[in-house]
Amino acid sequence: MFLQSTSPYKATIRRKFEDVTGEYLASAKTNLKPATHRRYKTSILKLADTFAGHWWDAITKETLLEYIDERKGDGVKISTIKRDLTALSQAADYAVDRAWAGTNPVAQLPKRPLRYKSPVFKRPSQRSVDLGISCCHGNLEPLARFLLATGMRLMEGASLTRGQIDKRRKVATLTDTKNGRARTVSLNSTALGILAGQDGDILFPAIDRVTGEARVYKQASTNWATAQARAVEKAKKQGWKFERFRLHDLRHMFAIDYLANGGNIYQLQIELGHGSVKQTEWYLQFLSPDEQMGAKFAPSQNPSQAKRFSVADKAETA
């Protein structure tokens, strides 16, 4: 049953992402080829990782642009992102035809974000990072600080439960990961301190304002954009320019700091869950020459890890 919340479009009942996409897939089953229907269903399930629980009319061009940036930041191919957005666009047209929404947000996207170009990361000042996180409300603030302390992806942290934490070993075990392979993430003193202040089974939940029910935080990206806008205004009043950054950028900052502080690149690969160390090598560009050499040749906690760099590389770097 739909929640009795009025939509701004023709006073209809508001639908959520799962309502619209579920109805669309059911109605399209007889019109689409079986392979196409399966492909759309797969794409919508992937989109649900970000948009499940969102009101349909709250999915805008701006939220989609942030979604594209996050997916590109995760190393997802542009062709995959386009395929997923095609499925979303079909569902959006279905919603517009039924007056559940006024426009198709996918059709409003500019072409530039979907070109084959890696996203540019420019590290914000520490002042901007501190203000951006402090402007978050509810559990979004501790969640953001936790992502910065662990390098977890947004949904890995947002869905984290108490049962996944081993305080004795100081690790969190992640089972629902991007590549489908379970991994453990180290918890430093900062991360453990943040967890100590969180109650309940879901560690960083969204709290329903009506029922008080705790549920997985699925509107973090939308609320983050609102918090960033608050930070811009606050910094402006203080006489300085706030540097916007994405939630996914917290993962980049963690990785750069990990290596700059003497961490091994192979160990970082494991921490981040990268399939190949080549993906992790992207972070070397943000280090000084000495830091790069340290990241490549620092002792690893896993001595069996296959090495990509040789002694000759070390001599050349020196």
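Side-chain atoms are counted along with the backbone in the values below, which use heavy atoms only and exclude waters and symmetry mates.
- The shortest side-chain heavy-atom distance between Arg183 and Thr177 falls under the 4.5 Å cut-off.
- Checked against a 6.0 Å centroid threshold, the rings of Trp224 and Phe245 count as neighbours.
- At least one side-chain heavy atom of Lys234 sits less than 4.5 Å from a side-chain heavy atom of Cys135.
- By the 4.5 Å heavy-atom criterion applied to side chains, Leu259 and Gln292 are not counted as neighbours.
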Applying side chain to side chain contact (heavy atoms under 4.5 Å, CB included), run through His248 and Asp69 and close with a yes or a no. CA-CA 9 Å; His248 192 77; Asp69 279 347; over 6 Å; no
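- Hydrophobic clustering (side-chain heavy atoms under 4.5 Å, transitive across Ile, Leu, Val, Met, Phe, Trp, Tyr) groups Ile59 together with Leu65.
- Val232 meets the side chain to side chain contact (heavy atoms under 4.5 Å, CB included) test with Phe242, Arg244; sequence neighbours excluded.
- Annotation: cation-pi geometry not satisfied between Arg15 and Trp55 (NZ/CZ under 6.0 angstrom from ring centroid, within 45° of ring axis).
- Leu160 and Val171 fall into different hydrophobic clusters, where Ile, Leu, Val, Met, Phe, Trp and Tyr side chains are chained together by heavy-atom contacts under 4.5 Å.
- Of all heavy-atom pairs spanning Arg230 and Cys136, the tightest one is NH2-CA, 4.2 Å.
- Counting only N and O atoms by type, the side chains of Asn104 and Gln108 include no donor and acceptor under 3.5 Å apart.
- Residues forming a salt bridge (Lys or Arg N to Asp or Glu O under 4.0 Å) with Glu66 (at least two apart in sequence, or on another chain): none.
- For the salt bridge (Lys or Arg N to Asp or Glu O under 4.0 Å) test, residues two or more places apart in sequence or in another chain that qualify with Arg215 are Asp208.
- Taking each heavy atom of Val129 and Pro124 in turn, the nearest pair found is CG2-CG, 3.7 Å.
- Using a 4.0 Å cut-off between a side-chain N of Lys or Arg and a carboxylate O of Asp or Glu, Asp249 and Arg246 qualify as a salt bridge.
- Residue pairs meeting the side-chain hydrogen bond (donor to acceptor under 3.5 Å, both in side chains) criterion with at least one member in residues 160-170, sequence neighbours excluded: Thr161-Gln164.
- Distance check: Glu281 CD to His274 NE2 gives 11.5 Å after rounding to the nearest 0.5 Å.
- Ring-centre distance between Tyr258 and Tyr283: not below the 6.0 Å cut-off.
- No donor-acceptor pair closer than 3.5 Å links the side chain of Arg71 to the backbone N or O of Ile81.
- With hydrophobic clusters built from ILVMFWY side chains whose heavy atoms lie under 4.5 angstrom apart, Phe121 shares a cluster with Ile133.
- Contact between Ala91 and Thr21 at its shortest, heavy atoms only, is CB-CG2, 4.1 Å.
- For residues 24-34, there are no side-chain hydrogen bond (donor to acceptor under 3.5 Å, both in side chains) pairs, not counting sequence neighbours.
- At least one side-chain heavy atom of Gln238 sits under 4.5 Å from a side-chain heavy atom of Arg127.
- With sequence neighbours excluded, no residue forms a ring pair (Phe, Tyr, Trp, His ring centres under 6.0 Å) with Phe17.
- In this view, Phe146 and Phe204 satisfy the ring pair (Phe, Tyr, Trp, His ring centres under 6.0 Å) rule, not counting sequence neighbours.
- Side-chain atoms of Val277 and Tyr266, non-hydrogen and from C-beta on, do get closer than 4.5 Å to each other.
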Residues His137, Glu141; criterion side chain to side chain contact (heavy atoms under 4.5 Å, CB included); working and verdict: CA-CA 6 Å; His137 291 171; Glu141 180 180 358; over 6 Å; no
Which donor-acceptor pairs under 3.5 Å do side chains of residues 42-50 form with protein atoms, sequence neighbours excluded?
from  : atom 1 : to    : atom 2 : distance (Å)
Thr42 : OG1    : Arg38 : O      : 3.0
Ser43 : OG     : Arg39 : O      : 3.3
Ser43 : OG     : Asp84 : OD1    : 2.7
Lys46 : NZ     : Asp49 : OD2    : 3.3

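- Of the possible donor and acceptor atoms, one in the side chain of His37 sits under 3.5 Å from a partner among the backbone N and O of Leu25.
- In terms of the ring pair (Phe, Tyr, Trp, His ring centres under 6.0 Å) criterion, Tyr217 has no residue partners (sequence neighbours excluded).
- Distance CG/Leu32 to NZ/Lys41: 13.0 Å, rounded to 0.5 Å.
- A distance-only check finds a donor-acceptor pair linking the side chain of Ser159 to the backbone of Met155 [under 3.5 Å].
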Applying side chain to side chain contact (heavy atoms under 4.5 Å, CB included) to Val20 and Trp100, what does each step give before you reach the verdict? CA-CA 9 Å; Val20 173; Trp100 298 342; 3.9 Å; yes
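- Pairs of residues two or more places apart, or lying in two chains, that qualify as salt bridge (charged side-chain N to carboxylate O under 4.0 Å, His left out) and include a residue from residues 254-277 are Arg123-Asp257.
- Between Thr184 and Ile270 the shortest side-chain heavy-atom distance does not fall below 4.5 Å.
- Looking only at distances, no side-chain donor or acceptor of Ser89 sits under 3.5 Å from a matching main-chain atom of Thr86.
- Across all their heavy atoms, Ala149 and Asn188 have their closest contact at O-ND2, 3.3 Å.
- A salt bridge links Arg153 with Glu156: the distance from a Lys NZ or Arg NE/NH1/NH2 to an Asp or Glu carboxylate oxygen falls below 4.0 Å.
- Asp290 pairs by the side chain to side chain contact (heavy atoms under 4.5 Å, CB included) definition with Ser288, not counting sequence neighbours.
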Just do the ring-ring contact (aromatic ring centres under 6.0 Å, His included) check on Phe51 and Tyr67 with the steps written out, would you? CA-CA 9 Å; Phe51 296 112; Tyr67 169 80; 5.3 Å; yes
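- Tracing side-chain contacts under 4.5 Å through hydrophobic residues (I, L, V, M, F, W, Y), one never reaches Ile207 starting from Leu140; they form parts of separate clusters.
- Ile68 contributes atom CD1, which lies 10.0 Å from atom NZ of Lys82 (distance to the nearest 0.5 angstrom).
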Trace of the side chain to side chain contact (heavy atoms under 4.5 Å, CB included) decision for Leu154 with Ser221: CA-CA 9 Å; Leu154 171 57; Ser221 293; 3.6 Å; yes
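- Once rounded to the nearest 0.5 Å, the distance linking CE of Met152 with CG of Leu174 reads 4.5 Å.
- Looking at Thr103, its side chain never comes within 3.5 Å of a backbone N or O of Pro105 through a donor-acceptor pair.
- Residues Leu287 and Ala295 come closest through the heavy atom pair CD1-CB, 4.1 Å.
- A 4.5 Å side-chain heavy-atom check between Arg83 and Tyr40 finds every atom pair outside the cut-off.
- Looking at Ser128 and Ser125, their side chains do bring a donor and an acceptor atom within 3.5 Å of each other.
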Can you list, pair by pair, the side-chain donor-acceptor contacts under 3.5 Å of residues 190-199, counting residues two or more places apart and other chains?
from   : atom 1 : to     : atom 2 : distance (Å)
Gln198 : NE2    : Asn139 : OD1    : 3.0
Gln198 : NE2    : Leu203 : O      : 2.8

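- Annotation: side chain of Phe254 is not in contact with side chain of Leu147 (no heavy-atom distance under 4.5 Å).
- The same ILVMFWY cluster, assembled from side-chain heavy atoms under 4.5 Å apart, contains both Tyr94 and Leu109.
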